[in-house]
Amino acid sequence: MKFWAREVKSGQQYEAKILEGFYLNITHVSLGEVDEESKEFCLVHIIVNGKKLVVAALDRMWLPSEFVNVVCFKNFHISHTLSKGSVYLYGTLEELEESPKKGV
């Protein structure tokens with residue numbers, strides 16, 4: 001098991017490449033520095049197999065971080081809706097005991 005963390009800046013997308021025999025378990029998503037005046041709501045989503053899935057909904061005042069349990073066996077993209085600022089994702093990269101037949 002290895003610790004995994006990424007920063008995704010506004011307007012950018014991160015491509016996660018999962019090596020064969022491994023899977024990624026994203027466990028925490030949080031906002032980085034956001035303008036104090038901002039009332040912007042942030043959706044964090046992954047795109048896998050052409051499908052866009054929301055994994056977290058963050059707000060600077062009420063919910064700046066969220067615990068999640070997203071397990072990915074395939075390559076995917078991560079993006080968010082903030083116009084200014086970054087989102088941080090944390091989790092673990094783990095080795096499979098056996099290959100999955102299905103999964104995200």
Side-chain angles (χ1 to χ4, degrees):
M1 175 171 55
K2 293 169 86 174
F3 178 73
W4 178 89
R6 292 295 179 269
E7 175 186 14
V8 181
K9 296 180 180 183
S10 59
Q12 296 183 355
Q13 192 169 225
Y14 172 75
E15 182 180 0
K17 294 186 179 185
I18 310 299
L19 299 173
E20 189 172 327
F22 288 85
Y23 69 94
L24 177 63
N25 184 12
I26 301 172
T27 56
H28 188 233
V29 181
S30 65
L31 291 174
E33 288 188 32
V34 179
D35 184 14
E36 297 251 348
E37 302 296 316
S38 175
K39 299 200 183 326
E40 191 174 6
F41 187 73
C42 176
L43 295 177
V44 180
H45 34 288
I46 64 171
I47 302 166
V48 63
N49 293 336
K51 296 179 183 172
K52 194 178 210 179
L53 307 166
V54 175
V55 296
L58 305 173
D59 180 79
R60 184 186 68 79
M61 296 260 318
W62 304 106
L63 191 63
S65 67
E66 191 170 350
F67 289 102
V68 297
N69 190 20
V70 178
V71 178
C72 299
F73 298 97
K74 299 178 182 178
N75 296 345
F76 63 95
H77 291 85
I78 302 169
S79 60
H80 60 80
T81 60
L82 278 180
S83 58
K84 290 182 182 177
S86 295
V87 170
Y88 295 92
L89 299 104
Y90 308 93
T92 56
L93 184 62
E94 303 189 35
E95 195 166 355
L96 285 171
E97 293 179 16
E98 60 181 64
S99 295
K101 293 188 171 74
K102 293 185 178 180
V104 177

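Computed from heavy atoms alone, side chains included, the values below leave out hydrogens, waters and symmetry copies. Count residues from 1 along the sequence.
The minimum heavy-atom distance linking Ser30 with Tyr90 is given by the pair OG-CE1, 3.7 Å. Minimum interatomic distance between Glu40 and Ser83 (heavy atoms only, all atoms of both residues): OE2-N, 2.8 Å. In terms of heavy-atom proximity, Ala56 sits nearest to Val68 at CB-CG1, 4.5 Å. For Ser86 against Glu7, the heavy-atom pair with the smallest separation is OG-OE2, 2.8 Å. Taking every heavy atom of both residues into account, Ser79 and Gln12 meet most closely at CB-O, 4.1 Å. Here the closest non-hydrogen pair linking Gly85 and Leu82 is C-CD1, 4.2 Å.
Residue Leu19 is grouped with residue Ile78 when hydrophobic side chains (ILVMFWY) are merged at heavy-atom distances under 4.5 angstrom, including chains of intermediate members. Hydrophobic clustering of Ile, Leu, Val, Met, Phe, Trp and Tyr side chains at less than 4.5 Å, counting indirect connections, keeps Tyr88 apart from Val8.
Annotation: side chain of Gln13 is in contact with side chain of Ile47 (closest heavy-atom distance under 4.5 Å).
Results of the side chain to side chain contact (heavy atoms under 4.5 Å, CB included) test with Asn75 over Val48, Leu24, Ile18, Asn49 single out Ile18 as the only residue that passes.
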Please report the C-alpha distance between Val87 and Leu31 in whole Å, then the side-chain angles of each, then the deciding distance to 0.1 Å, and finally whether the side chain to side chain contact (heavy atoms under 4.5 Å, CB included) criterion is met.
-> CA-CA 5 Å; Val87 170; Leu31 291 174; 4.2 Å; yes
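The backbone N or O of Leu43 lies less than 3.5 Å from a partner atom in the side chain of Thr81, making a donor-acceptor pair.
Separation of atoms CZ (Phe76) and NE2 (His45) is listed at 13.0 Å; rounding is to 0.5 Å. The NZ atom of Lys74 sits 13.0 Å away from atom CD of Glu20, with the distance rounded to the nearest 0.5 Å. To the nearest 0.5 angstrom, Leu58 atom CG is 7.5 Å from Phe41 atom CZ. Between the CD1 atom in Ile46 and the CG atom in Leu53 there is a gap of 5.0 Å [rounded to 0.5 Å]. Summarising the geometry, atom CD belonging to Glu97 is positioned 8.0 Å from atom OH belonging to Tyr23; distances are rounded to the nearest 0.5 Å. For the atom pair CD1 of Ile26 and CZ of Arg6, the computed distance is 10.0 Å after rounding to the nearest 0.5 Å.
Using cut-offs of 30° and 60° for the angle between ring planes, the His28 and Phe67 rings count as tilted.
More than 12 non-hydrogen atoms from other residues, nucleotides or ligands lie less than 6.0 angstrom from CD of Glu15.
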